[in-house]
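The structure appears below as structure tokens.
For reference, positions follow the sequence shown, starting with 1. Whatever order the structure lists ligands and atoms in, that order sets their numbers, starting from 1.
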Amino acid sequence: MNKFEALGFNNLVIKAVTELGFENPTPIQEKVIPVLLQGNTDLVALAQTGTGKTAAFGLPLTHLIDFTSRDTQAVIICPTRELCMQITRDLQSYTKYIDGANIVAIYGGASIDNQSRDIKRGAQIVVATPGRLCDMIDRRRVNFSNVRFAILDEADEMLNMGFKEDLDTILSQTPEEKNTWLFSATMPDEVLRISRNYMENPVEITAGTKNSGNENIEHIYYVVQARDKYAALKRIADSNPDIFAIVFCRTRIETQEIADALIKDGYGADSLHGDLSQQQRDHVMKRYRARSLQMLVATDVAARGIDVNDVTHVINYNLPDEIENYTHRSGRTARAGKTGVSICIINMKEVGKIRIIERIIKKKFVQGTIPTGFEACEKQLFSLVKKIHNVEVNEAAIEAYLPNIYEELKDLTREDIIKRFVSTEFNRFLDYYKNAPDLNAGGRDREQRSTPGITKLFINLGELDSLDSTSMKQYISEVSGVDIASIVSAEIKSSFSFIEVKTEAAEIIQGTFKNARYNNRNVRIESRGASESRSSRGGYEGGGNRRSFGGGERKGGYGGGNRSERGGYKGGSGKSYGDRDRSSRGGYSKSNNENGGGSYERKSYSDREKSYSKSNNSNSEKSYSKSNNESSGGDRKSNFSREKRPRKKF
Ligand code: AMP
């Protein structure tokens, strides 16, 4: 039995909600519906968006409204056109089997005459945005004398948007004996004021903790340099191949710039802000809902009331002006019992704001690490491979082509075909990430760097050179002659590492490594400060073609773990490190040449310097710095640097 039956709804409503897939009431519905069904009660409900609150007030209305009458008996007021249309659609679907039910939406940006006509036909429920409704009241186009229920949805948003006076006007136009139901995600004083002024002993219901966020949302923050924000956004997107996100910016211009940059860089993105016409906004929303867009870049105001299920990530490109608005932003994900991630991309100075948000939402953030270029490539590659694995094959359609295709590929092994197929799709992506810098500007490194007596060194060798922490320490100790105990730690990254050494040993190490070579190329060791500034401009993270997935850099396919073939230091012998593994790499180079794919040979450092300075020239990096403020017209700055990315999106 559908659990809504037990709540006492009639069969026509049960049939409609069953078709919508509602079987069990959500927690807010469980609490609110029985109270409202009793009739004659005022209500203040604290509920986040996405919790099922529309049905919590909408279903009781279907029970309490007399649909045989043409009088307007309920008015629902909400902050935005999008939400207004959504609520109207929801109520229309609950009442689709009830004869004579007429629910009309009233909002700005559409013909007021058509809306007046719709109401005249007899709308038992009017769903409206405050501005347009006041306009209709002024023009006497609505008759609220028979209104028995006034519902304020997202009351805090309406007050945030400056609709306080409009709400007062509307509520004073409706009969005093009506019932008022107020829904709000947060309970600031202004909302409480409305409840005091317009309600009598309202029943108070809370779904979740006061002012807290949705439990299903994971909150993550990333600390980056201001100039790396845009690159960080892309890195996050690339590391989540199935991302379906809303990216929040503070100003209209920044919103437009970020969206334009993302589009140019090959992402399915578009912008939503107040400079767009209603028609343009509808068009963007239609594309987003249809998932033609993966990222919707929006201002707070424009994104209000967006009701799209399955948003996987909310990305705060900038923290909201009003910290309380963070709850509204993050509430766009994890709707209807699903899970979601809310991300903040911040600079060091903003960590304090994260702590304030934590107190408001009563949930802890996790500090994330912006994935390396390698990790982003890895995620994309596996997503591609998964897609290939799961693709539906239309046997009949391709059958006729197959014999010639088999013939063309007959000299290739299964492994070769896989590698080439993946490379066709993936090489450009890989190319894009080959010089990708580490974007994290974490506090931890800073603290470590300033530890007295310890110097942090950068070395251009890492995991891909078959070095782990122990063998790295041994290697450095053997080449430099410093005692291994002076090498405090080795943090091994994929293509480089950070070494902490006792300060007195640092100079010796740097001196002895001046002409050091490893696998036939120069080894560079330098103090962390110097390397960091370079890497943040696009230097060390990957060099040359060393991460060519398809070109056969790692024999046996990606993830095969065949690293030993790359040779590398195994420690202990005291021999020259450079020549050690050449023999085992011969065959590899050969297959590589044949493939014409990525080169196994790591480029010399100076080659990589070249590619670094190239990727860093003005073609590939633009700096934007404009200002505008969506809500207040202020002059907040947006500043991000651009790198080109292959236009193809995977
Ligand atoms: P709302 O908070 O009203 O915007 O609802 C969020 C989403 O939850 C909407 O897509 C509703 O269709 C869905 N929903 C509401 N109530 C239920 C329910 N009882 N069972 C399943 N889905 C629901």
Side-chain angles (χ1 to χ4, degrees), residues 1-10 13-37 43-63 74 76-96 103 105 125 127 129 149 151-158 181-186 205-208 212-217 244 246 285 288-291 303-312 314 327-340:
M1 185 176 95
N2 187 311
K3 290 256 177 69
F4 284 93
E5 270 180 65
L7 289 168
F9 293 109
N10 83 33
V13 173
I14 297 296
K15 187 171 170 203
V17 296
T18 307
E19 281 176 14
L20 290 172
F22 295 10
E23 284 173 6
N24 298 303
T26 63
I28 184 80
Q29 290 163 2
E30 229 161 24
K31 288 184 179 172
V32 165
I33 290 172
V35 173
L36 295 184
L37 283 179
L43 172 88
V44 174
L46 191 87
Q48 307 294 320
T49 176
T51 52
K53 63 185 163 60
T54 313
F57 63 77
L59 292 176
L61 281 182
T62 67
H63 188 81
I76 301 167
I77 313 160
C78 62
T80 63
R81 169 191 162 114
E82 278 74 24
L83 187 58
C84 176
M85 295 198 308
Q86 180 66 41
I87 294 172
T88 307
R89 272 197 299 270
D90 286 355
L91 293 190
Q92 284 168 343
S93 60
Y94 308 153
T95 55
K96 74 188 235 197
I103 292 129
I125 305 176
V127 188
T129 52
F149 305 100
I151 295 116
L152 308 179
D153 193 18
E154 303 207 352
D156 51 350
E157 293 259 18
M158 291 197 278
W181 306 341
L182 180 151
F183 288 79
S184 193
T186 57
I205 286 177
T206 301
S212 81
N214 178 334
E215 280 304 309
N216 292 337
I217 302 172
F244 183 51
I246 301 180
M285 280 313 296
Y288 186 59
R289 282 208 170 86
R291 296 198 166 230
R304 278 191 176 130
I306 288 181
D307 172 58
V308 177
N309 282 340
D310 300 328
V311 170
T312 58
V314 164
T327 312
H328 291 298
R329 288 183 174 188
S330 58
R332 304 289 157 213
T333 186
R335 295 171 65 80
K338 305 211 173 74
T339 56

Polar atom proximity, T54 to ligand 1 (N or O, under 3.5 Å):
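Indeed, backbone or side chain, T54 has an N or O that close.
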So, regarding G52 and ligand 1 (criterion: nitrogen or oxygen to nitrogen or oxygen, under 3.5 Å), is there a contact or not?
yes
Salt bridge E154-K53, side-chain N to carboxylate O under 4.0 Å
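Salt bridge: yes.
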Number the atoms of ligand 1 from 1 as they appear, then name those within less than 4.0 Å of a heavy atom of F4, with their elements.
19 (N)
What do the steps show when you test E19 against K96 for salt bridge (Lys or Arg N to Asp or Glu O under 4.0 Å), and what is the final call?
CA-CA 11 Å; E19 281 176 14; K96 74 188 235 197; 2.8 Å; yes
Is the side chain of [X] donor-acceptor paired with the backbone N or O of [Y] at a distance under 3.5 Å, no angle test?
X	Y	result
T88	C84	yes
T312	F244	yes
T206	L46	no

Side chain, backbone, both or neither: which part of [X] has a heavy atom under 4.0 Å from ligand 1?
X	answer
Q29	side chain
F57	neither
N24	backbone

